[in-house]
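What follows is a single structure, written as structure tokens, with notes after it.
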Amino acid sequence: ATHALAAVAALALAVLVAGPLGGCTAWACGPEPRGGPAYLNLLAGAGHLLPDATRAVATAADLPPGRVVVVGDVHGCVDELQALLRKAAFDPGLDALVLAGDIVGKGPSPAATLSLAARLGARAVRGNHDDAVLAALEARVGGAATPARCRRGGPSVDAADAATTAANLTTAHRAWLAALPWTLALPDHGALVAHAGLVPGVDARAQSLADVYTMRGVTGTGPASYKAVSVDGAGRAWAPLWRGPPHVVFGHDAPRGLQLEASATGLDTGCVEGGALTALVLPPAGGRWGAGEWSGGEVVQVPCARYWPRP
């Protein structure tokens with residue numbers, strides 16, 4: 001069984017990197033395509049561990065020589081993203097842009113946001129809204145709607161909004177979203193970017209895929225009993241309980257706002273709902289911190305117009 005699961009994970013890597021599958025009418029819940037993004041997501045929801053195929057690593061050698069600017073949930077608010085990059089004095093020739101998921105969904109300009117991200121060479125992790133939009137895009141190609149019992153993205157996703165967002169995106173946007181990993185390690189900064197978070201007490205390499213991009217908090221009394229919960233307001237905040245390493249930089253949790261914990265930093269400050277768009281600016285690699293240690297960073301914010309809920 002272990003070898004079979006490994007084979008499925010390996011096939012999933014090929015599918016994720018190559019782009020979403022077209023021409024499949026049973027992608028959402030059926031056995032086809034085995035190894036596709038939906039099937040991999042269902043495996044994770046059933047309690048399988050997060051496979052290596054869904055993790056990415058960016059070392060100093062992979063990145064420009066300057067700073068790393070990690071941005072919280074953009075949700076298609078391209079004007080605010082551009083304003084934030086101006087405020088942070090982002091230089092695309094020197095600095096790296098990393099998006100912490102929920103790049104699209106709810107907001108006014110999904111196509112422009114993805115085009116800007118691609119043009120700037122941004123790296124990103126998959127958010128639950130990104131995955132729901134990708135599911136809607138795949139359904140459009142395959143001609144099959146997503147059964148409610150198999151809806152991707154977790155309980156907070158508005159399926160109608162995901163479909164509306166998908167209708168505004170191109171094949172190139174679809175391929176860009178399909179290639180997004182669930183986590184991005186920045187080892188030279190001692191950091192790991194994940195959209196929603198990690199369960200405290202569980203190794204970063206052994207986290208459930210579903211938890212990584214949908215969890216809101218945890219229940220339980222200690223590391224041996226913590227369980228992720230995905231419903232708004234349920235459970236305790238996981239970030240104060242995460243001991244690291246690595247230092248986790250995440251989004252997703254707008255109700256709790258900016259979270260500055262010893263081993264985790266939460267950047268979702270509710271931009272699409274009229275809050276702020278927040279970045280954590282990490283210094284250039286090679287500073288005075290030790291190998292694998294957290295580099296620290298500077299928080300930068302800009303105010304946002306309110307786009308959601310729509311009038």
Side-chain angles (χ1 to χ4, degrees), residues 41-42 44-47 49-50 54 70-75 99-107 124-133 135 148-159 161-162 180 182-184 192-202 204 206-244 246-278 280 308-309:
N41 200 29
L42 291 175
L49 301 183
L50 181 64
T54 61
V70 186
V71 179
D73 301 37
V74 177
H75 279 293
L99 304 174
D102 280 4
I103 305 154
V104 294
K106 297 183 177 180
V125 296
R126 184 177 306 216
N128 58 314
H129 286 272
D130 304 321
D131 198 46
V133 170
R149 68 185 184 279
C150 300
R151 186 177 65 185
R152 285 157 61 181
S156 66
V157 167
D158 184 313
D161 172 70
L180 296 181
W182 273 259
T183 63
L184 173 65
L192 179 79
V193 183
H195 176 60
L198 304 183
V199 176
V202 178
Q207 298 278 335
S208 161
L209 172 59
D211 294 344
V212 165
Y213 85 153
T214 65
M215 66 182 290
R216 297 285 184 181
V218 293
T219 58
T221 58
S225 62
Y226 287 141
K227 301 292 183 184
V229 290
S230 300
V231 179
D232 287 346
R236 305 161 60 189
W238 67 270
L241 305 173
W242 177 259
R243 296 291 177 256
H247 187 100
V248 180
V249 184
F250 66 102
H252 188 60
D253 195 4
R256 291 189 173 97
L258 181 65
Q259 299 180 60
L260 302 174
E261 304 295 343
S263 297
T265 301
L267 298 179
D268 187 357
T269 45
C271 179
V272 75
E273 297 174 349
L277 187 61
T278 302
L280 183 66
W308 186 271

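For the numbers below, each heavy atom of this structure counts, side chains included, while hydrogens, waters and symmetry mates do not.
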Interatomic distance, [X] atom [atom1] to [Y] atom [atom2] [nearest 0.5 angstrom]:
X	Y	atom1	atom2	value
Trp308	Glu273	CH2	CD	9.0 Å
Arg216	Ser230	CZ	OG	8.0 Å
His195	Asp131	NE2	CG	10.5 Å

Using the test ring-ring contact (aromatic ring centres under 6.0 Å, His included), find all partners of Trp242 that sit at least two apart in sequence or belong to another chain. none
Not counting sequence neighbours, which residues clear side-chain hydrogen bond (donor to acceptor under 3.5 Å, both in side chains) with Arg256? List them please. Asp253
Listed by chain and number, what are the side-chain hydrogen bond (donor to acceptor under 3.5 Å, both in side chains) partners of Thr269, not counting sequence neighbours? Thr278
Please check if the side chain of Ser225 supplies one atom and the backbone of Gly220 the other of a donor-acceptor pair under 3.5 Å. no
Check whether any side-chain heavy atom of [X] sits under 4.5 Å from a side-chain heavy atom of [Y], and report yes or no.
X	Y	value
Leu267	Val71	no
Asp211	Trp238	no
Val104	Asp130	yes

Of all heavy-atom pairs between [X] and [Y], which one has the smallest distance, and what is that distance?
X	Y	answer
Ala264	Phe250	CB-CE2, 4.0 Å
Val212	Ala194	CG1-CB, 4.1 Å
Lys106	His129	CE-CE1, 3.6 Å
Asp268	Gly270	OD1-N, 3.0 Å
Ala204	Leu198	CB-CD1, 4.0 Å
Gly72	Ala100	CA-CB, 4.4 Å

Using the rule side chain to side chain contact (heavy atoms under 4.5 Å, CB included), only one of Val272, Val125, Asn128 pairs with Asp102; which is it? Asn128
